[in-house]
Enquirer: 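Sharing a structure here in structure tokens format.
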Number of protein chains: 2
Amino acid sequence: MEVKNGSVEERIINASFHILEKEGFSGATTKKIAEKAGVSEVTLFRKFESKEKLISIAKEHYSTDFIEKLTEIFQYTPEISVEEYLTQCFNKLVNLTDNELTILKVGMEEVRDIPTDKKVFLRISETIIDELTKFFSLKIEQKELREINPSILALNMFSIMFESIILWKVYGKQPKYNIDRYTEDFLDIILNGIKSDNK
Amino acid sequence: MEVKNGSVEERIINASFHILEKEGFSGATTKKIAEKAGVSEVTLFRKFESKEKLISIAKEHYSTDFIEKLTEIFQYTPEISVEEYLTQCFNKLVNLTDNELTILKVGMEEVRDIPTDKKVFLRISETIIDELTKFFSLKIEQKELREINPSILALNMFSIMFESIILWKVYGKQPKYNIDRYTEDFLDIILNGIKSDNK
DNA sequence: TATGAAAGTAAGTACTTACTTACATTATGG
DNA sequence: CCATAATGTAAGTAAGTACTTACTTTCATA
């Protein structure tokens with residue numbers, strides 16, 4: 001489906017998404033969506049054959065955008081050090097606006113009804129884990145990292161970085177430390193391990 | 001609210017919860033709940049003043065149970081090694097039945113409307129992180145671990161262990177490795193770090 | 001200026017939902 | 001065995017919801 005900039009379709013899609021975030025699927029009524037988009041409900045149904053399809057188009061639209069943004073964040077050049085790369089990634093993640101993170105919130109709710117390969121959260125996790133796996137493989141090749149399983153490391157790093165963000169931005173947990181302190185400490189843990197030296 | 005074993009109230013609460021898992025809040029109609037509980041809808045409303053309160057009682061009930069179970073899993077004796085402890089915890093987590101994990105699925109959906117201090121996922125995370133923080137503090141005191149920030153380490157370990165479980169059991173991602181392999185590898189990473197030695 | 005597409009208005013359909021009322025039935029314990 | 005409490009049945013209420021139909025208005029453009 002091609003959606004032109006500034007078109008009625010686009011306004012409806014945007015409205016759907018913002019109402020979806022605030023009200024959830026069943027709370028996002030076609031009436032509210034039409035109102036927010038500034039069109040009549042009839043127009044909405046002339047453009048989209050059902051509420052279900054509209055919502056799924058809106059999700060698709062926003063999750064594609066978000067995944068693109070994540071892909072940018074996790075891009076790397078071969079020279080960058082692991083520490084620098086991970087610091088940068090995490091800082092950029094934390095600086096995403098609430099608006100940009102909306103899709104994450106919406107994705108966390110998809111615990112049923114949606115086919116596995118369409119679940120936003122799974123698509124996000126796969127994208128990031130793939131990118132991280134490639135990066136860590138390179139760094140193992142370059143001998144900056146020792147011979148560990150790169151895809152398990154990638155899953156761990158994904159977990160650490162995203163779980164903080166999810167707890168904080170999706171579920172509203174107040175963070176205990178400032179970002180710089182937190183980043184420094186978790187990188188120290190991952191880079192150097194936790195065992196004491198005198199053993 | 002005291003709910004006696006085998007009482008009508010209990011049957012209604014159980015039914016609510018199982019329908020809630022399969023259908024979500026708006027799909028869990030009082031009609032379905034009553035039917036599943038084997039009572040009439042009228043009885044349901046005589047026992048609980050609204051659907052909303054019923055669901056919140058059911059969630060409270062099941063999340064308290066689950067948190068108790070988690071507390072058991074994360075208990076420790078002062079002698080146990082970090083490696084052994086974390087291995088045991090993760091194995092026990094993975095062996096929780098789908099039924100026991102239902103509340104986690106239900107909790108992941110609570111991205112709005114619910115006051116922060118009642119969100120199931122936040123209560124779970126706080127319980128585990130507290131317990132892990134105490135454990136790691138002890139192990140730092142005992143010099144098994146070096147001087148790192150125990151609560152950041154706890155958050156990291158919580159993230160690694162739970163994110164795998166959530167991806168797998170809540171969102172349906174197929175795991176790439178078997179548990180033993182995975183456990184061994186992520187513990188190696190955390191215990192020994194990832195930097196190559198020759199630097 | 002005439003035409004056709006896109007939008008709106010008003011009304012309605014068919015269904016579902018949480019919750020209620022009034023009354024009948026069953027079960028239980030003193 | 002009888003009074004009382006717990007449950008069921010049947011019906012209904014009031015509101016909402018996705019979606020439709022029929023007709024009118026707006027507006028760009030050829």
Side-chain angles (χ1 to χ4, degrees), chain A residues 1-62 106 109-115 118, chain B residues 1-62 106 109-110 112-114 118:
Chain A
M1 176 173 199
E2 6 73 66
V3 176
K4 280 172 210 148
N5 246 2
S7 66
V8 181
E9 284 92 335
E10 200 194 32
R11 269 160 51 212
I12 296 175
I13 289 176
N14 291 343
S16 303
F17 194 69
H18 289 112
I19 300 222
L20 182 65
E21 183 216 351
K22 290 205 176 79
E23 319 267 356
F25 184 85
S26 58
T29 65
T30 50
K31 194 176 173 182
K32 284 186 206 159
I33 294 170
E35 199 176 355
K36 175 125 194 168
V39 300
S40 74
E41 224 182 324
V42 179
T43 298
L44 186 153
F45 280 106
R46 278 198 275 243
K47 301 287 185 180
F48 302 91
E49 74 175 86
S50 71
K51 169 182 162 179
E52 224 177 16
K53 296 216 171 171
L54 166 58
I55 298 279
S56 106
I57 287 168
K59 275 189 192 174
E60 180 64 30
H61 193 86
Y62 277 81
V106 170
E109 287 190 288
E110 300 178 325
V111 300
R112 84 190 100 247
D113 289 342
I114 290 145
K118 285 217 155 191
Chain B
M1 177 177 198
E2 6 74 68
V3 176
K4 280 170 210 149
N5 247 1
S7 65
V8 180
E9 284 91 335
E10 201 195 31
R11 268 161 50 212
I12 296 176
I13 289 175
N14 292 342
S16 304
F17 194 69
H18 288 113
I19 299 225
L20 183 65
E21 184 218 351
K22 291 206 176 77
E23 318 268 354
F25 184 85
S26 57
T29 66
T30 50
K31 193 176 173 182
K32 284 186 205 159
I33 294 170
E35 197 177 354
K36 175 124 195 168
V39 301
S40 74
E41 221 180 326
V42 180
T43 298
L44 185 154
F45 280 105
R46 279 198 274 243
K47 301 286 184 181
F48 302 91
E49 74 174 85
S50 72
K51 170 183 160 178
E52 222 175 21
K53 296 215 171 173
L54 166 58
I55 298 280
S56 106
I57 288 168
K59 275 188 191 173
E60 181 63 31
H61 194 86
Y62 276 81
V106 170
E109 286 189 290
E110 300 178 327
R112 83 190 102 247
D113 289 341
I114 289 145
K118 285 218 154 188

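Below, chain A is the first sequence line, B the second, and so on; all start at residue 1.
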Enquirer: Ring of B:Phe25, cation from B:Lys51 - is the NZ or CZ under 6.0 Å from the centre and inside 45° of the axis?
Expert: yes
Enquirer: Using a 3.5 Å distance criterion without hydrogens, assess whether the side chain of B:Lys32 forms a donor-acceptor pair with backbone atoms of B:Gly27.
Expert: yes
Enquirer: Over how many whole Å does the gap from B:Lys53 atom NZ to C:dA18 atom P extend?
Expert: 17 Å
Enquirer: Using the salt bridge (charged side-chain N to carboxylate O under 4.0 Å, His left out) criterion, which residues pair with A:Glu60? Sequence neighbours excluded.
Expert: A:Arg123
Enquirer: Does B:Glu35 have any side chain to side chain contact (heavy atoms under 4.5 Å, CB included) partners at least two apart in sequence or in another chain, and if so, which?
Expert: none
Enquirer: With the sugar-phosphate defined as primed atoms, P, OP1 and OP2, and the base as all remaining atoms, what B/S/- string results for nucleotides 8-13 of chain C, 5' to 3', for protein heavy atoms under 4.0 Å?
Expert: BBB---
Enquirer: Calculate the interatomic distance between B:Glu9 atom CD and D:dA6 atom C1'; express it in whole Å.
Expert: 10 Å
Enquirer: Roughly how many Å is it from NZ in B:Lys51 to P in C:dT17, rounded to a whole number?
Expert: 8 Å
Enquirer: Taking the side chain of B:Val8 as its heavy atoms from C-beta onward, which of D:dA18, D:dT7, C:dA7 lies nearest to it?
Expert: D:dT7
Enquirer: Using the test salt bridge (charged side-chain N to carboxylate O under 4.0 Å, His left out), find all partners of A:Arg46 that sit at least two apart in sequence or belong to another chain.
Expert: none
Enquirer: Expressed as a whole number of angstroms, how long is the span from B:Glu49:CD to C:dC19:P?
Expert: 9 Å
Enquirer: How many Å lie between CD1 on B:Ile12 and P on D:dA6, as a whole number?
Expert: 13 Å
Enquirer: Can you name the residues that form a salt bridge (charged side-chain N to carboxylate O under 4.0 Å, His left out) with A:Lys118, not counting sequence neighbours?
Expert: none
Enquirer: Step by step, work out the side chain to side chain contact (heavy atoms under 4.5 Å, CB included) result for A:Leu20 and A:Lys59.
Expert: CA-CA 9 Å; A:Leu20 182 65; A:Lys59 275 189 192 174; 4.0 Å; yes
Enquirer: Hey, can you pull the residues of residues 18-36 of chain A with a non-hydrogen atom under 4.0 angstrom from DNA chain C?
Expert: none
Enquirer: Tell me the interatomic distance from B:Ile55, atom CD1, to C:dT17, atom P, rounded to whole angstroms.
Expert: 13 Å
Enquirer: Relative to the ring of B:Phe17, is the ring of B:Tyr62 parallel (under 30°), tilted (30 to 60°) or perpendicular (over 60°)?
Expert: parallel
